[in-house]
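Input: a single structure, listed below in structure tokens.
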Protein chains: 2
Amino acid sequence: MAQICSECAVRDQSLCGSLSDTELTTLNSIGRSRHLNRGETLVWAGDDALVCANLLSGVLKLSASTADGREQIVGLLYPADFVGRPFAEEAEHSITALTDVELCVFPRKGFENALETHARLERMLLRRTLCALDEARARMLMLGRKTAEEKVASFLIDMALHLARNTASRVTEFELPVTRAQIADVLGLTIETVSRQLTKLKRDRLIDLPTGRQVMILDRGALRLRSEAA
Amino acid sequence: MAQICSECAVRDQSLCGSLSDTELTTLNSIGRSRHLNRGETLVWAGDDALVCANLLSGVLKLSASTADGREQIVGLLYPADFVGRPFAEEAEHSITALTDVELCVFPRKGFENALETHARLERMLLRRTLCALDEARARMLMLGRKTAEEKVASFLIDMALHLARNTASRVTEFELPVTRAQIADVLGLTIETVSRQLTKLKRDRLIDLPTGRQVMILDRGALRLRSEAA
DNA sequence: CGGTGGCTTGACTGGTCTCAATAGATGTGG
DNA sequence: CCACATCTATTGAGACCAGTCAAGCCACCG
């Protein structure tokens with residue numbers, strides 16, 4: 001590994017933050033830095049699950065598909081998130097870069113050994129997995145029971161939480177790391193419906209869309225209301 | 001605890017199966033047997049998360065709701081499944097009995113202590129949680145991208161896996177532990193749509209419905225086809 | 001310039017929901 | 001054992017939300 005863990009961009013927030021510098025030597029020795037270009041896929045669903053990783057920068061999507069090609073994004077991963085599925089021989093989901101991405105990649109078997117050796121690492125992974133499960137289930141409520149407008153509003157609020165810079169005057173502004181098609185795949189909608197709902201929120205002055213990718217949340221309270229009720 | 005672990009109905013399949021008889025003394029001392037009647041709720045979403053448990057018999061639902069009362073069932077729990085959410089102060093989901101239920105209940109704090117003491121227990125819980133996450137994500141694909149017919153077919157196949165008795169002649173038969181309303185809440189549909197799709201599958205001779213709750217799968221292959229393609 | 005990919009908008013379709021009526025199950029008390 | 005209430009399930013008619021198909025816009029780029 002070219003760069004050592006103590007210089008890692010996400011040293012404190014990532015799973016590895018649970019380990020001391022000396023404990024990290026094992027992981028350090030098996031970890032490799034890896035870059036993915038926007039659009040590149042790290043793992044295909046159905047492949048052998050060969051790697052785990054920590055996400056250093058960028059955004060990854062986790063996606064599942066039906067036999068005839070309909071796609072659903074089942075999770076988005078942000079810097080410091082853990083990537084991969086220990087203890088499974090075969091990958092259930094594809095993992096694809098939505099932006100350029102930097103990863104710290106471990107061979108799965110080696111990472112599993114580290115889990116068994118370092119109880120604290122295992123404990124942190126358990127906590128993260130439990131949180132990921134809560135999040136997945138919250139998204140099930142959204143997919144099953146929310147309207148298109150509620151879904152889009154929820155998505156924007158969610159994105160703001162992960163990416164937002166707060167400017168003065170209570171306006172939140174950020175740049176979407178995803179296309180309309182990808183938003184649709186997260187929300188279980190079509191591109192056209194996403195576009196129409198965004199236009200509607202803009203027309204109602206809850207948000208502004210200076211460019212296609214730029215989003216300004218003008219009235220977060222109202223947006224939250226639309227994300228929750230009919 | 002009235003009955004000791006060595007006599008437990010799910011001793012081998014449950015999380016506790018990872019522990020030796022002597023290791024079990026801790027859990028044994030804090031575990032309490034508990035019965036729930038059909039319809040009773042163990043935990044309400046938003047409550048303090050006070051308990052964890054192992055499910056001994058019956059079926060539980062995990063559910064989330066919007067502010068205006070729309071409900072989504074985000075998971076079903078069967079005998080030997082683990083119940084609850086360690087390391088969270090507040091419950092994210094309601095836990096309700098769909099049938100009469102027997103549980104082995106632990107105070108959450110005590111169970112968390114046991115996790116920290118017994119690495120093998122923690123390891124087994126991690127593996128289960130990872131599997132639960134895979135399952136939740138598979139269900140996200142279903143909720144977001146499948147049609148009503150595909151959803152109902154998927155549900156029946158899923159139920160068969162958990163409950164089925166195989167009779168002669170490749171026919172699978174079981175009794176639904178859930179009402180049409182609950183099926184609808186699992187699939188993100190309405191009662192009426194579920195009923196119509198079941199009738200349709202029956203008319204097409206893929207299944208039979210001798211009574212409202214009894215299901216016979218007549219052609220599993222064809223049913224699987226309908227669960228996957230348009 | 002023309003080509004490409006991403007986005008928006010419109011017209012139309014159709015699958016699912018809503019509302020409503022009815023029938024079947026189940027349980028209770030007279 | 002029956003009358004009745006209640007809960008569950010089925011079925012139909014109509015409305016509506018989101019999907020489909022199609023056209024056009026815009027920014028970017030060779």
Side-chain angles (χ1 to χ4, degrees), chain A residues 37-39 61 66 68-72 98-99 142-156 175-204 207-215 226 229-230, chain B residues 37-39 61 66 68-72 96 98-100 142-156 175-204 207-215 226 229-230:
Chain A
N37 289 320
R38 189 162 114 91
K61 73 169 180 183
T66 59
D68 62 332
R70 286 166 286 173
E71 177 174 330
Q72 177 67 46
L98 295 183
T99 64
M142 188 203 68
L143 289 170
R145 293 303 187 197
K146 290 196 181 177
T147 64
E149 180 175 42
E150 292 169 323
K151 287 178 177 181
V152 171
S154 302
F155 178 83
L156 291 176
E175 179 159 337
L176 290 171
V178 292
T179 65
R180 298 291 186 270
Q182 287 155 355
I183 298 176
D185 285 340
V186 171
L187 301 179
L189 298 170
T190 58
I191 299 180
E192 295 92 327
T193 300
V194 170
S195 180
R196 277 188 253 270
Q197 294 302 333
L198 284 172
T199 304
K200 189 167 156 211
L201 291 174
K202 179 180 176 181
R203 201 169 49 234
D204 296 352
I207 64 171
D208 194 18
L209 304 166
T211 74
R213 291 295 186 87
Q214 215 72 22
V215 178
R226 298 227 188 170
Chain B
N37 289 319
R38 189 163 113 90
K61 74 169 180 183
T66 59
D68 62 334
R70 286 166 287 173
E71 177 174 330
Q72 176 67 46
T96 305
L98 294 183
T99 64
D100 283 10
M142 189 205 67
L143 288 170
R145 293 303 187 198
K146 289 196 181 178
T147 64
E149 180 176 40
E150 293 170 320
K151 287 178 178 182
V152 171
S154 303
F155 178 82
L156 290 176
E175 179 159 336
L176 291 170
V178 292
T179 66
R180 298 290 186 272
Q182 287 155 356
I183 298 177
D185 286 340
V186 171
L187 301 178
L189 298 170
T190 57
I191 299 180
E192 296 93 327
T193 299
V194 170
S195 180
R196 279 188 253 269
Q197 295 301 333
L198 284 172
T199 305
K200 189 168 155 211
L201 292 173
K202 178 180 176 181
R203 202 170 47 232
D204 296 351
I207 63 171
D208 193 20
L209 304 166
T211 74
R213 291 296 186 87
Q214 214 71 24
V215 178
R226 299 224 189 172

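Proteins get letters first, then strands, A, B, ... in listed order; numbering begins at 1 in each.
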## Note on the structure
Interatomic distance, CZ@A/R213 vs CD@A/E175, rounded to 0.5 Å, equals 7.0 Å
### Task
Rounded off to whole Å, could you give me the CZ-to-P distance for the B/R213 and C/dA25 pair?
13 Å
I'd like a list of close polar pairs between nucleotides 10-17 of chain D and the protein, N/O only, cut-off under 3.5 Å.
from, atom 1, to, atom 2, distance (Å)
D/dT10, OP1, B/R180, NH2, 3.3
D/dT10, OP2, B/R180, NE, 2.8
D/dT10, OP2, B/S195, OG, 2.8
D/dT10, O5', B/S195, OG, 3.2
D/dT11, OP2, B/T199, OG1, 3.0
D/dG12, N7, B/R196, NH1, 2.8
D/dG12, O6, B/R196, NH2, 3.3

### Task
For A/V178 and for A/R145, find the nucleotide of DNA chain C with the closest heavy atom, then tell me which residue's nucleotide is more 5'.
A/V178
### Message
Among residues at least two apart in sequence or on other chains, which ones pass side-chain hydrogen bond (donor to acceptor under 3.5 Å, both in side chains) with A/D208?
### Response
none
### Message
Whole angstroms only, please: what is the CG-P distance between B/L187 and C/dG15?
### Response
18 Å
### Query
About how many Å separate CG of B/L156 and CZ of B/R226, when rounded to the nearest 0.5 Å?
12.0 Å
### Query
Quick one: does A/Q72's side chain have a donor or acceptor within less than 3.5 Å of a partner on A/V186's backbone?
yes
### Query
Just checking A/G188: base, sugar-phosphate only, or nothing, at a heavy-atom cut-off of under 4.0 Å?
sugar-phosphate
Please list, for nucleotides 24-30 of chain D, all pairs of protein and nucleotide N/O atoms separated by less than 3.5 Å.
none

### Query
Starting at CD of B/E149 and ending at P of C/dG14, how long is that distance when rounded to a whole Å?
17 Å
### Task
Round to the nearest Å and state the distance from A/L176 atom CG to C/dG6 atom C1'.
13 Å
### Message
Please report the distance, rounded to the nearest Å, between CZ in A/R70 and C1' in C/dG15.
### Response
13 Å
### Query
Quick one: does B/N37's side chain have a donor or acceptor within less than 3.5 Å of a partner on B/D100's backbone?
no
Would you be so kind as to tabulate the donor-acceptor pairs closer than 3.5 Å made by side chains of residues 192-203 of chain A, with sequence neighbours excluded?
from, atom 1, to, atom 2, distance (Å)
A/T193, OG1, A/T190, OG1, 3.0
A/T199, OG1, A/S195, O, 2.8

### Query
Are any side-chain N or O atoms of A/E150 and backbone N or O atoms of A/T147, one a donor and one an acceptor, separated by less than 3.5 Å?
yes
#### Entry: Side chains of A/F155 and A/L189 in contact at under 4.5 Å (non-hydrogen atoms)
no
### Query
Can you name the residues that form a side-chain hydrogen bond (donor to acceptor under 3.5 Å, both in side chains) with B/R145, not counting sequence neighbours?
A/D185
### Query
Per the end-axis method with five pairs at each terminus, what is the bend angle of the helix from C/dC1-D/dG30 to C/dG30-D/dC1, to 10°?
30°
### Task
Could you tell me the separation between the CG atom of B/D68 and the P atom of C/dT18, rounded to a whole number of Å?
11 Å
### Query
Closest heavy-atom contact between B/T99 and B/P177?
CG2-CB, 3.8 Å
### Query
At under 4.0 Å, does any side-chain N or O of A/T190 touch on OP1 or OP2 of D/dG19?
yes
### Message
Whole angstroms only, please: what is the NZ-P distance between B/K151 and C/dT16?
### Response
8 Å
### Message
Looking at every non-hydrogen atom in both residues, tell me the closest pair between B/E71 and B/K61 and how far apart they are.
### Response
OE2-NZ, 2.8 Å
#### Entry: Whole-Å gap separating C1' (C/dT9) and CZ (A/R203)
11 Å
